[in-house]
Amino acid sequence: MKKFRKKIVAGNWKMNKSIAEAVDLAADIKRELAGNVDVDVVLCPPFTALKAVGDIITDTPIKLGAQNMHWETDGAYTGEISAAMLRDIYCHYVILGHSERRAGFHETDALVNRKVKAALAGNLAPIVCVGETLPERQAERQREVVGGQVRKSLAGLGEDLDRVIVAYEPVWAIGTGVNATAAQAQEMHAFIRETLAEMSTAETAAAMRIQYGGSMKPANAAELLAQPDVDGGLVGGASLEARSFVEIVRAAL
Ligand code: 13P
């Protein structure tokens, strides 16, 4: 059963942009995208710029997302930010389990799962990242790896599973300029959807959105986004400039 899924394009600005730069970028994107209602657009600046970017886009359909959060609601967790704090500044989304956090900050599937549950309880839509490394793909283990990440990171969500957005980000494609081909992306997205169906129902899986991330650029976005199971993009480098980000959003229209 094929359901209509609104495409969703998110810019993950990672650890880039001062507040002033972030405000300028958000204002440019807002101006360029005025009137767009057919694609969900999300900006994910660093924590320091969330409030200022939120103020710029407050009167538009563009939504705010954070790049990480803690799984507890409050308490003695120095340096951490809770779901409620993100809601407090009008965040609607939060990226969880990004490969840079899995690799650099020891985030396991079990930990990502706690964060996903906390995000949902805090009324945030989690964008949950999964993806295999280059050695894993070379060993043809991508399905085993990604299937495991999906099952464990999204375990035990029950009826809330369909509030999750999955981002397939092959690690070998992130920041390398080497994107997955459209065929590789489609194959993995279809596999992720099958896995989601096994975890819930075919109907739930058909309604869920799966973004592609990894060297998505204006030059390759249209072909990737035309694949039947590619429901949007999670864009890193190309989201740091208004022109390239907006071109990718337009390719999703
Ligand atoms: P690039 O688009 O820079 O490859 O980054 C992708 C990414 O990690 C988005 O979360």
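The basis for the numbers below is simple: all heavy atoms, side chains too, and nothing from hydrogens, waters or symmetry mates. Sequence positions, counted from 1, serve as the residue numbers for this chain. Note that ligands are numbered from 1 as they come in the structure, with each ligand's atoms numbered from 1 the same way.
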Nearest protein heavy atom with distance in Å, relative to atom 2 (O) of ligand 1: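 Among all protein heavy atoms, the one nearest atom 2 (O) of ligand 1 is G236 N, 2.9 Å.
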Could [X] and [Y] be called an ion pair, given the rule that one side-chain N must be under 4.0 Å from one carboxylate O?
X: E32; Y: R243; result: no
X: K51; Y: D88; result: no
X: E107; Y: K115; result: yes
X: D40; Y: K6; result: yes
X: R102; Y: E169; result: no

Within reach of ligand 1, part of L234 (heavy-atom separation under 4.0 Å):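 Both parts.
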Location of contacts on S239 toward ligand 1, heavy atoms closer than 4.0 Å: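 Answer for S239: neither.
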Heavy atom of [X], distance to ligand 1 below 4.0 Å:
X: G214; answer: yes
X: G213; answer: no
X: K14; answer: yes

Against heavy atoms of [X], which atoms of ligand 1 measure under 4.0 Å?
X: A173; answer: 4 (O)
X: E169; answer: 6 (C), 7 (C), 8 (O), 9 (C), 10 (O)
X: N12; answer: 9 (C), 10 (O)

Test of proximity, [X] against ligand 1: N or O pairs below 3.5 Å:
X: K217; answer: no
X: T176; answer: no
X: G175; answer: yes

CA sep, side-chain torsions, deciding dist, call: R250, E247, salt bridge (charged side-chain N to carboxylate O under 4.0 Å, His left out): CA-CA 5 Å; R250 293 215 173 102; E247 273 189 54; over 6 Å; no
Option set G237, C44, A167, S244, criterion heavy-atom distance to atom 1 (P) of ligand 1, minimum: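 Comparing heavy atoms across G237, C44, A167, S244, the nearest one to atom 1 (P) of ligand 1 lies in G237.
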Check: S82 side chain, D74 main-chain N or O, donor-acceptor pair, under 3.5 Å: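 A pair under 3.5 Å: no.
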Q149 side chain to D109 side chain, donor-acceptor N/O pair below 3.5 angstrom: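 Not at all, the side chains of Q149 and D109 share no donor-acceptor pair under 3.5 Å.
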Q211 vs Y168, side-chain contact (heavy atoms from CB on, under 4.5 Å): CA-CA, chis, key distance, verdict: CA-CA 6 Å; Q211 295 175 307; Y168 172 59; over 6 Å; no
